[in-house]
Each structure stands twice: as C-alpha cells, then as structure tokens.
There are 2 protein chains.
Amino acid sequence: MGEKRQGPGQGVTLKDVALRAGVSPITVSRALNRPEVVSPKLREKVEAAARDLKYVQNRMAGALASSGSPVIPVVVPSLSNAVFIEVIEGVQEIAQEAGFQLMFGNTDYDLDREYEWISMFLGWSPPGLILAGTRHLQRTRALLKHYGRPVVETMEYSSRPLDMNVGLSHVKAGAAMADHLIARGYRNICFAGCRLRADHRAKQRFDGFDKMLAQQGLARRPPLTREVPSSPEVGGEMLDHILREDPGVDAVFFANDDLAAGAILRAQREGIPIPDRIAVAGFNGLPIAALLTPSLTTIASPRREIGRFAARQLVQHISGQQCRTKRLDVSFDLIARDST
Amino acid sequence: MGEKRQGPGQGVTLKDVALRAGVSPITVSRALNRPEVVSPKLREKVEAAARDLKYVQNRMAGALASSGSPVIPVVVPSLSNAVFIEVIEGVQEIAQEAGFQLMFGNTDYDLDREYEWISMFLGWSPPGLILAGTRHLQRTRALLKHYGRPVVETMEYSSRPLDMNVGLSHVKAGAAMADHLIARGYRNICFAGCRLRADHRAKQRFDGFDKMLAQQGLARRPPLTREVPSSPEVGGEMLDHILREDPGVDAVFFANDDLAAGAILRAQREGIPIPDRIAVAGFNGLPIAALLTPSLTTIASPRREIGRFAARQLVQHISGQQCRTKRLDVSFDLIARDST
DNA sequence: CCAGAAAATGATATCGCAATCATATTTTAT
DNA sequence: ATAAAATATGATTGCGATATCATTTTCTGG
C-alpha cells in the first residue's frame, strides 16, 4: 500500500518483449493470447523474446483493458469443513481448465461477513460468483442484483434462487433420516448439531426431521446445540450429555458426520453399545463413516458434483451460451449402516 | 474472455461518484482511502454518494495505478489434506486483517504445476508469495529470483531457503518416531506412506526414520507405498498387506494420521489387537488421533502457527520492516499414546 | 488585518494491456 | 496481370484508479 512508485513498474512488460522481438506491442499481445492469428515467423520470435525475458502477463492491466477479469470468487462458510473443500475441488477442476482463477472468502457462517466479501470481490470485476447457501442479507441481494453478474448459489436447493442454483433439499434429507430411524423402530429420537442459528442447512435438516417426527406422532425434542464449530470431540461430548440428561433417547441424528463419528468413537471407548443402547446417524457421507465400528448410517451428497455443476453452469453462462437448466436439485443417498 | 466491450465498463466508477458528490474524482479516491485527509463535510458527501450508487472500488485499476496488488498467492500440494487447510487458515487470519487477499494454487504434488501457478501468479503483481515446501524446479527458482518478490517457504525447515522459511525438520521428526518405537521395544518396524516420490516431506520422514534404524542396527525395510492419495481406506489396506506379507513386523510408522487412523479402524473391525499384535504410529497430530481406540501415537506440528508466522513475516517484509529472523524452525511434539 | 504556513482540493499524467480502426502485405479469382 | 478479398501488422485510445505536482482555501500569529 505505502509502496513508492518505482518509475516504470518493476516487471517485464509487453513493450520490453516487443522491443526485443522487433515488433509492435500489440503483436506481442496477439502472439501470446491468440497465436493462430500471428504468422509463425513472428510468433516464434515473440515467444523466444518472452521466454528470454521471463515475461509474465500483467493480469490486472489485461483485465482492466478488456474490462473483465478471470477471477471467480467463491464464498463459503468454512474452509476447515471437508464438505466445502470438496465442492471447491469440483469448482476448481472445471474453472481451471476454462482459464479462470478462484478467490475464496470464508464467512464463518456470518452473513455480514458474506456481504463484505461479495462487496470486495465485485471490485475484481468477476465474470460471475459462486456462493454457498441461498440465505443472504437484503443488502447482499441488492448489491448482487445491482451488479448483475451471474451467480450460482450452491449446497442447498432453493425455490427462489437469485440466479442459478445447484444443491439438495436439506429439509427432505432431514425428513428422510427421521423416516429411516422410525422405520428401524426408534421412537425417542433427538437431533444434535452445532451453531444451528448460523448453520442454516443444518437447521433445515432439523426442520425436516422435526416435521417428520410430528407427522408420525412421535415425541419432539428441541435440538441439542453447542455454540462451537463441529468436531468429533464435541460429538462425543454431546452423546454423553444425552445419555446423562435424557436417558430415554434411543437414537441421535447428528447434524454431520464429524459429530457422529466422534459419538461413535466415544461410545466405543466407553463401551456403550451402538446401536443397542442408542443409535447414531450422521450427515455428509464422509469416507470415514464406512470405516467406523459400527459403521455409520449417514446421508451422502454429491459435493464434488455440486462444485462441478456450479462451475460448468457459470462458465457456460459467461461464454454466452444459454443453458437449459438454471436450477438443479441433486439427489442424496441415505446409506443405512450398522450404527442404526 | 470473448466478451464484447460495452462502451464504458459495466460498473459504477469513481467518476460517477465524483459527479454525484460534486467533487473531483481524486477527492473521492482520497475520501475513501484516506478519510483523514479530506474535510468532514466533503467526506460525508462522498460517502453518501458512494453508498447511494453502491460503488465498489475496481481493485485492478487501483493495483495498476499504484503498481502493487493486494493479492498474496498461496501454493500448496493439496487442498483435501487437512494439514494444508490449517496452514492456510493461519495465513488467512493474518493476511486478511492486513488487507491482503489470498489466491490458491493446488499443485497436486507436481513441481511442473507449481511452476505454472507461480508464473501465473506473478502476473498479479503480488507483494509476496507463500509456498509449501522447499523443493522446486530450477526454472521456478530462476523465475522467483528474477522477479525478486518476497517468498516464504513453509512446512519444512530448510538450510538453504529461497528467501524466508518456516517449518520443521521432517528428517528429525522421522528419527524421533523411530527412536520412540525402539524405546518401546519394537524391533521390526516398517514405514508406510503414499506417493513418496512426490511427497517429499513424507519421504524425509522416512529418511530420518530409516537412518535411525540403521544407527541402532535394526533391520531396515523399504517403505511400503501406494501411488494414490492418502486416505483411511488405504491405511487399512496397507496394514492388512503388512500383516499378510511381512508378519514379522511389530510396528508400523505411517506417513500421516489419515493412514494410521485407517489402520486402527481396520484393526478394530478385524479384531487385531493394537499394539500387542502390531503397533501403529502416525504423523500430524490430527484431533481424531486422540479419540481412536487405542488412541494414536503421533507427532503434532503447529500448522496454524506456521501459517500465521509465514503471513506475519511476509506482511512485515512488505511493509518494509526488517525482521530479525528470516527462518524459523518450529518444533514438533511426539505424543506417545496407546497405539504404541 | 495581512503575510506566510498549513490544509484541502484539483488537473494531469500514467500504470500495462487489449479493443478498435487503419494500413500494409499476401493470397485468390478472374 | 489485376482487382478484390483475406490476412497480418501497427497506431491510437481508453479501461479506472492513484501519484505527483499545482492550486486554492483556511488557519495562524504578530
């Protein structure tokens, strides 16, 4: 920021390459960006000069001149959660081969911070944005609408997306798990998750779950929550808490596999038989779920696919192709295992 | 890329705000960037105008004009590995509050791809870069030297870093674990890890481990490796493989906790007593290590700290402060638990 | 009340590149 | 061989902001 300007910037510029290759700057630009429109002879000279000088294109000047940058901002609630990482990897895969560059913003489940990130990212003239979730502040919506850039909301399926949308219905997923537990004969089921006020999708799973319990005339319990990030430790602690405070509970639906895995490991250590004393289910379908003893019942979602779809959608939209579907409701898989 | 220019770019510009506020563009720039040098009256008018128009600063124009962007590239081998995520979180924490923006490059342990990323990132005129590892192609070194930007190499401690460096000695860590296993009475110890050719740090742990075995006159075995990314599944499979093919082995040092955890889960499922039949150790000190039964012996490294230090170092260097230490050898913790 | 200093504001040039339009060169068709 | 079309190259301008320097306004002290 407080850097002193150093006469001509510090790098090798197009002009330097042009000088060395004995052509005009614009020819260099063309030779490097659209080699096919430049004669092989010149192209070669230019390439050699660029190589010799170790020229790298100044992306900011490029973006400024062509009024459009190759930056796609991705705004997620958390990086430490494997779930988002997988989505990001899917996005990366597609975006990278289409020549785009990702920037990440971590909101820590805070909608104000989401606004800040988006506002900042708009300053990069992004050709489009990828967001996690469909819940935003009013002023975030206004800002996005004002700037009119393509936006893909991911992770959860919404009936009224801002623009494009790919995800699954967490309400349905929650209901499906309730259904499963009821079918297996459990009658006193409780939901446990962290930071439910902030984690809207976990809350939606609870809502679906709770509604199903109500529909089936079963006892409903308020969700057990902790105001810390999810982790196996907390999951174990929550299981303990439930066994102690509400011993009638015969099954727990954890908001995610981290918590559920922690519960299973804790039970194992303490010799609590699962699912006989209490059943445990999770959500996400992390690989570790299959390896636990007992193996963990969970709901798998195609996260990498979600990322890929989001990126593909955006890239298509950017390149002007009209895409048939602006919304995709990806399905989920309830994987019934030994823990229930 | 193929976007048509749309006359004046599509966003609100400084000029628009200036027009609305009835001042010159440069005053707007000042009012927003260094409010203290503008009179309160004008500042307020400008701020109101900016708010009304939903102005967001064009970062690329800003960076171009001041010849310096706020982008710090971070190049890591993998995003799916929790280890790098933690380093990144540490970096983020410091970088963000200093007003910098991170961009990530994922090399998948490929040095050529590292070169590509770095070359690309240099086009963003970054004030500095953060890399994982100290092993690079010759042309990568040349490029970095040519551009002379501050660089922090992280994760592993090197005797001859490019510029700044923070990390730990993986050779020593490997030796420490060998030491521990020997002290506990194991005599037929084997090392198991994935993609050792690419994962230089895992290889270094093996080297340290192997050297220690040699020093103590114990039988040395070639490392067991798989050419797939590490995962609990693979760890379980490797344990099986060892028990079957080399039944004399009484302890396994896995290259990381993912593999080791998988081994423990597998053993549990198959009723193989750990550590009685075979001991298992890991590396990284992931939280789950403590929760397994038996709990996993591992080596913890201060990853978040590494990230923080790297970022702080870079920020200091950028702001021109001379820092005492250009290198930091962070220590590691061997946490002896029940699995050995 | 005025000279001189300090503070606030503005005009202009520039960052590095690509879009646009103009010009030179080659190719093709007749 | 020559006009017309196609291709290759170059000159100029502008993207949106900030640095620099110039100017105006406000403050200070005698």
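Each chain gets a letter, A, B and so on, in the order its sequence line appears, and its residues count up from 1.
- Nearest-nucleotide positions on DNA chain C place B/G22 closer to the 5' end than the other of A/V28 and B/G22.
- Minimum atom distance to the side chain of A/V38 is reached by D/dT9, of the listed D/dT9, D/dC15, D/dA17.
- Distance A/L32 CG to C/dA18 P: 8 Å, rounded to the nearest Å.
- Taking 4.0 angstrom as the limit, B/S39 places none of its side-chain polar atoms (N or O) nearer than this to OP1 or OP2 of C/dA7.
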Point to revise | Full working for salt bridge (Lys or Arg N to Asp or Glu O under 4.0 Å) between A/R139 and A/D112 | key: CA-CA 10 Å; A/R139 65 173 192 275; A/D112 285 296; 3.1 Å; yes
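- For the pair B/K15 NZ and D/dC15 C1', the computed distance is 10 Å after rounding to whole Å.
- Using a 4.0 Å cut-off, no side-chain N or O of B/S24 falls inside it from OP1 or OP2 of C/dA11.
- Note: B/F104 and A/F104 have tilted aromatic rings, judged against thresholds of 30 and 60 degrees for the angle between ring planes.
- Closest to the side chain of B/L42, from the set D/dT18, C/dA18, C/dT9, is C/dT9.
- Remark: A/Q96 CD is packed, more than 12 non-hydrogen atoms of other residues, nucleotides or ligands lying under 6.0 Å away.
- The side chain of A/R34 sits closest to C/dA19 out of C/dG16, C/dA19, D/dA17.
- Rounded to whole Å, atom C1' of D/dG16 lies 16 Å from atom CG of A/L122.
- The nearest whole Å value for the distance from the CH2 atom in B/W124 to the P atom in C/dG16 is 16 Å.
- For C/dG10, the OP1/OP2 oxygens have a side-chain nitrogen or oxygen of B/T27 closer than 4.0 Å.
- The side chain of A/N58 lies closest to C/dG16, out of C/dG16, C/dA19, D/dT9.
- Test B/R308, B/R303, B/R304 against B/E89 for side-chain hydrogen bond (donor to acceptor under 3.5 Å, both in side chains) and you get one pass: B/R304.
- Here the P atom of nucleotide C/dG16 and the CE atom of A/M60 are 12 Å apart, to the nearest Å.
- The side chain of A/Y55 places no N or O atom within less than 4.0 Å of a non-bridging phosphate oxygen (OP1 or OP2) of C/dG16.
- For the residue pair B/T134 and B/E153, no side-chain donor N or O sits within less than 3.5 Å of a side-chain acceptor on the partner.
- Base engagement by B/R30 is indicated by at least one non-hydrogen atom pair under 4.0 Å involving a base atom.
- For the pair A/R43 CZ and D/dT7 P, the computed distance is 15 Å after rounding to whole Å.
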Exercise for review: Could you check A/L14 against A/Y55 for side chain to side chain contact (heavy atoms under 4.5 Å, CB included), going step by step and ending with a plain yes or no?
Suggested key: CA-CA 8 Å; A/L14 213 55; A/Y55 170 75; 3.3 Å; yes
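- Rounded to whole Å, atom C1' of C/dA18 lies 10 Å from atom CD of A/Q57.
- A straight line from CD of B/E36 to C1' of C/dA7 spans 13 Å, rounded to a whole angstrom.
- Of the candidates C/dA19, C/dC17, C/dA11, the closest approach to any side-chain atom of B/I26 belongs to C/dA11.
- Dashed line: the shortest gap from a side-chain N or O of B/N33 to OP1 or OP2 of D/dT18 is under 4.0 Å.
- At the heavy-atom level, A/L14 lies under 4.0 Å from the strands shown only through sugar-phosphate atoms.
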